[in-house]
Amino acid sequence: QVQLVESGGGLVQPGGSLILSCAVSGFALDYVGMSWFRQAPGKEREGVSYISYSSGTTYYTDSVKGRFTVSRDNAKNTVYLRMENLKPEDTAVYYCATDLRGEMLQSRWDLTEEYSYWGQGTQVTVSS
């Protein structure tokens, strides 16, 4: 069955960096687009980034542009989110998600209802 397992979260000071990983199983990552979402306490889950099956298309929410980079290593069945210059407002549980499609429209990639499969999440806390 489809499984998504996030790792790499933790406590980091403002301005610091983290790399999150999402290890997938139960499907061929080569043909599938993947997304990262986050959810802060008391807030709705929001889309952070998306990468298409070919890595030819990436999307980012405005608040992370220039600081976060999404990538993938299909041979390792893993998707990454490199986060730099972290801010306290980046504090959240981060999730990877997929609907097993290769491409998604820019107008829909950040809608939670588009996704059927979610990981359990990894906590990122940015604090001094």
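Reckoned from all heavy atoms, side chains included, excluding hydrogens, waters and symmetry mates.
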Any idea which heavy atoms bring Trp118 and Ala97 closest together, and the distance?
-> CE3-CB, 3.6 Å
If you group Ile, Leu, Val, Met, Phe, Trp and Tyr by side-chain heavy-atom gaps below 4.5 Å, do Val79 and Met104 land in one group?
-> no
Give the cluster check for Tyr59 versus Leu81: same hydrophobic cluster or not, with ILVMFWY residues linked at side-chain heavy-atom distances below 4.5 Å.
-> no
Report yes or no: do Trp36 and Val93 belong to one cluster of Ile/Leu/Val/Met/Phe/Trp/Tyr joined by side chain heavy-atom distances under 4.5 Å?
-> no
Residues Arg67 and Glu84 bridged, charged N to O under 4.0 Å | no
Nearest heavy atoms of Gln120 and Leu4, plus distance in Å = OE1-O, 3.6 Å
cation_pi(Arg45, Tyr95) dist<6.0 Å, angle<=45 = yes
Check: Ser52 side chain, Thr57 main-chain N or O, donor-acceptor pair, under 3.5 Å = yes
What is the distance from atom SG of Cys96 to atom CE of Met34, rounded to the nearest 0.5 Å?
-> 4.5 Å
Does any non-hydrogen side-chain atom of Ser127 lie less than 4.5 Å from one of Leu11?
-> yes
Decide whether Tyr115 and Ser35 meet the rule of one side-chain donor and one side-chain acceptor closer than 3.5 Å.
-> yes
Main-chain N/O of Tyr31 paired with Arg101 side-chain donor or acceptor, under 3.5 Å = no
Looking only at heavy atoms, the pair that brings Val70 and Tyr60 closest together is N-OH, 2.9 Å
Sidechain N-carboxylate O distance under 4.0 Å for Asp62, Lys65 | yes
In Å, rounded to the nearest 0.5 Å, how long is the span from CZ of Arg38 to OG of Ser63?
-> 4.5 Å
Give the minimum heavy-atom separation between Val48 and Val64, together with the two atoms involved.
-> O-CG2, 3.8 Å
Decide yes or no for Tyr94 and Gln123: does some side-chain heavy atom of the first lie under 4.5 Å from some side-chain heavy atom of the second?
-> no
Is the backbone of Gly9 close enough, under 3.5 Å, to the side chain of Thr122 for a donor and an acceptor to pair up by distance?
-> yes
Nearest-0.5 Å distance that lies between atom CG in Leu20 and atom OG in Ser49 = 11.0 Å
One should read off an interatomic distance between Arg72 CZ and Thr78 OG1, to the nearest 0.5 angstrom, of 10.5 Å
Is there a donor-acceptor pair closer than 3.5 Å between any side-chain N or O of Ser107 and the backbone N or O of Leu105?
-> no
Are Tyr117 and Phe27 close enough that their ring centres sit under 6.0 Å apart?
-> no
One should read off an interatomic distance between Glu113 CD and Asp99 CG, to the nearest 0.5 angstrom, of 11.5 Å
Hey, are the side chains of Glu103 and Ser54 touching, using non-hydrogen atoms and a 4.5 Å cut-off?
-> yes
Treat each ILVMFWY residue as a node, draw an edge where side-chain heavy atoms are under 4.5 Å apart, and state whether Val32 and Val2 are in one component.
-> yes
Using the side-chain contact (heavy atoms from CB on, under 4.5 Å) rule, take Val124 and Leu18 through it: C-alpha gap first, then chi angles, then the decisive distance, then the call.
-> CA-CA 9 Å; Val124 172; Leu18 281 175; 3.9 Å; yes
Would you name the heavy atoms of Arg82 and Ile19 that are closest together and state the gap between them?
-> NH1-CD1, 3.1 Å
Within 6.0 angstrom of Tyr53 OH, more than 12 heavy atoms from elsewhere | no
Roughly how far apart are Asp30 CG and Asn74 CG, rounded to 0.5 Å?
-> 4.5 Å
Working for side chain to side chain donor-acceptor pair (under 3.5 Å), residues Tyr50 and Thr58 | CA-CA 5 Å; Tyr50 166 82; Thr58 57; over 6 Å; no
So, the side chain of Ser21 versus the backbone of Tyr80: is there a donor-acceptor pair under 3.5 Å, distance only?
-> no
Shared ILVMFWY cluster between Leu29 and Ile51, side chains joined below 4.5 angstrom?
-> yes
Correct closest heavy-atom pair for Gly121 and Glu6 would be N-OE1, 2.9 Å
